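Heavy-atom basis, side chains included; hydrogens, waters and symmetry copies ignored. Just so you know, these numbers come straight off a predicted model, no measurement behind them. Atoms within each ligand, like the ligands themselves, are counted from 1 in listed order.
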Amino acid sequence: MHLQIYRHITAALLATLPIIATIVPLISCRPTSYDAFSFTRSELNTYKEEVRDLFQFGLSKYLEVGYPYDEVRPISCEPKTRNFNDLTDLPTNDVLGNFTATLIDSLTTVAVMGDKNQFYNLVELVRVTFPNKFEIDATVQVFETTIRILGSLISSHLYATDARKSCNLLDMGYDGILLDLAKDIGERLLPVYLTESGLPVSRINLKAGFERYSRLQMNENNLAGMATPMLEFGMLSLLTGDRKYMEVTRFTFDRLWKQFRARTGLLPVSLDPHDFTIYSFATGVGASADSFYEYALKGAILFDDEELMNIWEESYKSLNANSKLDWFYGNVNTMGVNQVLPWIDSLSAFFPGLQVLAGDVDDSMMKHLLFLKQWDYFGGIPERWEFEKPMVNIVNRDVRGGFRKETKEQGSGGGGGGVVLPLPWYPLRPEFIESTYYLYRATKDPFYLNIGYRILQDFKYRFKFSCGFAGIENLLTDQRQDRMETFVLSETLKYLYLLFDEDNEINHSRDNVIFSTEAHPMWVTPQMRHDYEKNGFFNDDKYCRNLQKCKKSFETIVNPFKSRNEIMRQTPRAAAGSIDIWPKLENKRICPVKFVWSDNKFGEQNDISLPYSDILTNYNRLFEIDYRYSDVLIKPPHLINYTSIELESGFYEIWAKKNNGDNNANMKNICKPKPTSESFEILFDIDGPYDFFKFENGDVHCNSLKTRRKWRVEKIHVGDYDVFGRIVNSTQFVNANRQDLTDKMCDQYLSRCPSTLYRLSVIDGYSIPEGGRVTIDRSQLMAANNDPELRNVYAQFGYNTDNQLLLHCIPFTNVYLI
Ligand SMILES: *[C@@H]1O[C@H](CO)[C@@H](O)[C@H](O)[C@H]1NC(C)=O
Ligand SMILES: *[C@@H]1O[C@H](CO)[C@@H](O)[C@H](O)[C@H]1NC(C)=O
Ligand SMILES: *[C@@H]1O[C@H](CO)[C@@H](O)[C@H](O)[C@H]1NC(C)=O
Ligand SMILES: *[C@@H]1O[C@H](CO)[C@@H](O)[C@H](O)[C@H]1NC(C)=O
């Protein structure tokens, strides 16, 4: 099975995020210097300028050595070009179209950093580089070319023409050259949509179109690749008035959603655009799927589009119900909820940023932590990381493939084969810093600034070479790649800069600014929208006819993936290690062993007034990942002195608040013990409308079980640590009421106190808080039903005189029928 890797990224609706004034009051009297980790304005300014210098270094080396080719090789100081000799070298040639990719992709970073002269000069350089526009004999991937080239040209054109932007070129005689080029490349890419289905093929030759094309390269495309050009092409329509770009690409987006959405609400990621063969039913939020979700939400914001917002909301709900685990979204089977791939990829690190944009900051913080821990242990985000526990606790160091676990069973890894890092590289991708940026904007917790600070140090001391920044080929051996992908300058350093630049004009925009998946800022002004509505046209016969034909043929298609497998399934423990449920472990606090308070450097007078990091101080699961995944988070020898970012001395001492002013209070106090209770899951798959009402206090109400719904149920016993870290005492067992009002069979247990009770801990991805209750409509649950299957399900449940739900005569302590 071949899954193409698509990189993915995201960004924000900055204007809507809460903005709080700067941080440490006591430093404001020292404007020209700062104490490290105080994160005052002047400290942030220093970092911001350091990021600018790094960016300028990378860009100038590219211009000196790499231009007019696509990239510069950072170590050997040569251009990195398209593979002109072997056109089948797709990983290289998909992205490198011999079109000065680094130059074009970097334009918007210059604009964001606000250097008008440089922006002007680079735009002029683009002009002289493309006298024949994109008449280039290169077969490229449409998705990559859209996000890197088309997206940057559009965003740069917005900067050049918006009088409110400090980089606007209106007074420099700007003539729209960037939009001309955008239109040119848009025209060259768009023919991939001229298929019978309207679903695009993945590649095209910029000069020759589909001549010299082999079917082999045309029969697979993935969800992200097909769906996402909608955003950049939609912008092209808004700017040119030509509706075809938007309508053609949007039809694809809608068709994918309607035709391939399975009963789970999820879409498969790899399929044939001609005959709809599904190549992979695995689906997650990383490679090949990522920007489908991203652009549903960002498209909704940018185009003020309710339909896209509905798609986002439905998708997010489905992801939460089917794929969400405590610390990440798993790769599940589109047709069910089985974990099918025991790994996550680095591209999925963008998702916490998207969650911030969607307003789900709490869960975003949790999901982001897993990537922080990866950085702590591996010094970067591995392209692919296996979270499944090795079968045997022996770890060898395999220089080429990563840490190889000796497993008793062969091929347990589903593509990884028992290797912790099946794909051990980190090409300096932006997703983790991008999410960090969003979370900082939303929370203002210096925890996130400190992550940026560490990444800045890594850029200065670990990634920088004579001609740019080198990606890491193998995080475990520290072997480097002689390559700097264009996203290093266009995204990674842009987000790092913006993290430190609280005053950036992007923050002041009144429009709904979003970052494209390649971090190119996009916005639509009311004037643009008005002009488009008034003057938009669609007069290209070829596309018009094809679109009509596609729409017509689509009317007769029935979505084949909506059928149901099982009506209710109970999973004691799904496939080994694949569910993020704690195994039975000895009682242990989940804290780093060494961490004890020490005096902070500001001395006593600041003890009370000093602000603190909320995560560092109050979040009692901060070190849970270290323990939960201790067998797959392993520090390679060369990083043995590399401190965990959150424990960096200096930072930790300043920002972790002392408990109750007790200098010796041990941080262990806020760390939650490992749960020792077991859990299982129940999947209901019954026809019915989705209902889920969440109340202010965290309680949940559902009318019935009649829908598609997943429960995680905690089995509690006296003496267990439960999921909240509390020891379960006998009180609730003594009082347990097993008098089932619907099923006399339970009466035989009445005299005995149960050894197990149930607690509903997660419903459709939502974790019910301590003390929280779930209520279900009694009449609906107990109503006799003509469907014998359904009756069988309901027969397993009952309720007692306290109105608690019973399953097989065991009460749920927090589920009530009302
Ligand atoms: C690639 O670009 C370079 C520089 O613009 C140009 O000299 C060369 O002819 C191009 N090669 C091909 C095969 O198009
Ligand atoms: C960001 O923009 C908002 C709204 O324009 C403004 O109130 C706030 O002061 C800005 N933040 C900074 C740090 O400039
Ligand atoms: C780690 O630090 C120790 C003590 O400073 C030093 O001797 C050792 O060489 C360092 N190891 C690495 C891999 O940098
Ligand atoms: C038993 O646990 C309950 C809830 O966790 C708690 O309120 C109660 O104080 C505990 N009782 C004893 C005797 O520890």
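- Under the 30°/60° scheme for interplanar angles, the aromatic rings of Trp375 and Phe463 are found to stand perpendicular.
- Under 4.0 Å is where a charged nitrogen must lie from a carboxylate oxygen, and between Asp458 and Arg462 at least one such pair does.
- The residues lining ligand 1, counting any heavy atom closer than 4.0 Å, are Pro68, Tyr69, Phe84, Asn98.
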Extract all donor-acceptor atom pairs below 3.5 Å that involve side chains of residues 807-818 and protein atoms in other chains or at least two apart in sequence.
| from | atom 1 | to | atom 2 | distance (Å) |
| --- | --- | --- | --- | --- |
| His808 | NE2 | Gln796 | OE1 | 3.0 |
| Thr813 | OG1 | Tyr758 | O | 3.4 |
| Asn814 | OD1 | Leu760 | N | 3.0 |
| Asn814 | ND2 | Leu760 | O | 2.9 |
| Tyr816 | OH | Thr813 | O | 3.4 |

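- Judged by distance alone, with hydrogens and angles left aside, the side-chain atoms of Asp70 form a donor-acceptor pair with the main-chain N or O of Thr100 at under 3.5 Å.
- Aromatic ring orientation, Tyr69 versus Phe84: perpendicular (interplanar angle above 60°, classes split at 30° and 60°).
- Salt-bridge annotation for Arg148 and Glu485: present, with a side-chain N of the basic residue lying under 4.0 Å from a carboxylate O of the acidic one.
- The aromatic rings of Phe130 and Phe134 sit tilted, their planes meeting at an angle between 30° and 60°.
- For the pair Asn641 and ligand 3, the shortest N or O to N or O distance falls below 3.5 Å.
- Atom numbering of ligand 4 starts at 1 in the shown order; those under 4.0 Å from a heavy atom of Thr731 are 1 (C), 11 (N).
- Remark: ligand 4 and Asn729 share an N or O pair separated by less than 3.5 Å (distance only, no angle test).
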